[in-house]
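Below: one structure, written as structure tokens.
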Amino acid sequence: MKKNKIYKLCNPVCLQGSIEKQNYFEGWYYKCVDASNNYSCAFIPGISTSTSKYKRHAFIQFIDNSNDLPLYIPFSIKSFSYSDEPFVLNISNCVFSDSKMIINIDHIDCKIKGKIVFGDFTDIDRNIKMPTIMGYYRYIPFMECFHSIISLSHSLKGYLKINDRTIDFNNGTGYLEKDFGTSFPKRWIWVHSNTFNVKDTCLMCSIASIPFINKTFTGLICILYAAGKEYRFATYLKAKITKLLCSKNNLHIELSQGNYKLEIRSMCSDNNILIAPKNGNMNRKIIESMSAKIKVKLLKDDYVIFESITHNGCVEYN
């Protein structure tokens, strides 16, 4: 394996693909929540190299829990530049890195300006067998979508001015993950929050329909980080989905792995529209809530060892 490939494998925040690849996408999900837990937003910078309407282009998506500011802004691919060491991503006048983001968006529908500095990242447990949350599936080159968690949680310092409103993110909470490949799954559910009522708790759960060698299977990746310990449930660890009930506003998931069980329930009413990739083409509309109520309960040998709740979690489904 070439040195550059090893470096990128060990540093999943870096650009894993190339703007020269056909029908390719790569996107980073920067979530920010203020200290009061009343306001949350996410910036999604990325690239699309399909040959559709915008052809090769960079983009920035923005959503928040006000439910009235979803943006998808395409930029010329010439406005995109990056470096691996240190990781820095530039799109037009915006900068995204592993230490800060600088936003300068002057759009007809919304003006956003400001700077947010990140504290130390909380990484997931990783090793040679599990270089990312995808485990050994990360090594399979023909997967349609690869997922990485970059930071389960980190502190924030700074401000954003969104139109005429100034948001103070000092002592707030951040989260960073990314996806890259050709397409998002045909069907998936994604649940996330790191602002539970028990401090320093983070949950990420994704269940998706995965095409694999002329077949399809239901893939699961899930992490509950609580009290400084990571609890991971995954298909490659032989976890089982024992219950999955999903409606427009309610979700009930139960997972089992060894002597552990994890219960996740969510309820949401808001619906933001995000744009997702298909063959590198950013033209699929999906739903994401940024103000979902999420309850999580972890059991060991049928005894509850942890439970918590949040009122500003994220739920995404298609």
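There is no side-chain donor-acceptor pair under 3.5 Å between N312 and S291. Judged by distance alone, the side chains of D168 and N170 do bring a donor and an acceptor atom under 3.5 Å apart. Side-chain contact check for D84 and Y7: no donor-acceptor pair (N or O, by modelled atom type) lies under 3.5 Å. Side chains of Q22 and Y24: a donor-acceptor N/O pair is absent below 3.5 angstrom, by distance only.
Across every non-hydrogen atom of C14 and K8, the tightest pair is CB-CG, 4.4 Å. Considering all non-hydrogen atoms of both residues, H147 and I133 come closest at O-CG2, 3.4 Å.
Between L255 and T242, every side-chain heavy-atom pair lies at or beyond the 4.5 Å cut-off. Taking the side chain as every heavy atom from C-beta outward, I77 and I47 approach each other to under 4.5 Å. For the pair Y29/W190, a side-chain contact is recorded, criterion being any heavy-atom separation below 4.5 Å from C-beta on.
Between atom CD1 of residue I241 and atom CD1 of residue I253 there is a gap of 8.0 Å, rounded to the nearest 0.5 Å. Here NE2 of H154 is found 11.0 Å from NZ of K31. Values are rounded to the nearest 0.5 Å. Residue S155 holds its OG atom at 11.5 Å from CD1 of I116, rounded to the nearest 0.5 Å. In this structure, CD in E254 is found 10.5 Å from CG in L244, a value given to the nearest 0.5 Å. Note: M101 CE to L156 CG = 7.5 Å, rounded to the nearest 0.5 Å.
Ring centers of F80 and F75: at least 6.0 Å apart, outside the cut-off. A ring-centre distance under 6.0 Å is found for Y260 and Y231. If you look at F212 and F142, their ring centroids are closer than 6.0 Å. Between F180 and W28, the ring center distance fails the sub-6.0 Å criterion.
A donor-acceptor pair under 3.5 Å is formed between the side chain of D34 and the backbone N or O of N38. A donor-acceptor distance shorter than 3.5 angstrom exists from the side chain of K178 to the backbone of P12, with no hydrogens or angles considered. Under the 3.5 Å distance criterion, the side-chain polar atoms of S193 are matched with a main-chain donor or acceptor of T195.
In this structure, W188 and F184 have perpendicular ring planes: the angle between them is above 60°, well past the 30° mark. Taking the six-membered ring where tryptophan is involved, the planes of H57 and Y72 are perpendicular, since the angle between them exceeds 60° and thus also 30°. The aromatic rings of F43 and F62 sit tilted, their planes meeting at an angle between 30° and 60°.
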> Yes or no on side chain to side chain donor-acceptor pair (under 3.5 Å) for D64 and Y39, after CA distance, side-chain angles and deciding distance?
Replying inline: CA-CA 8 Å; D64 69 3; Y39 181 80; 2.9 Å; yes

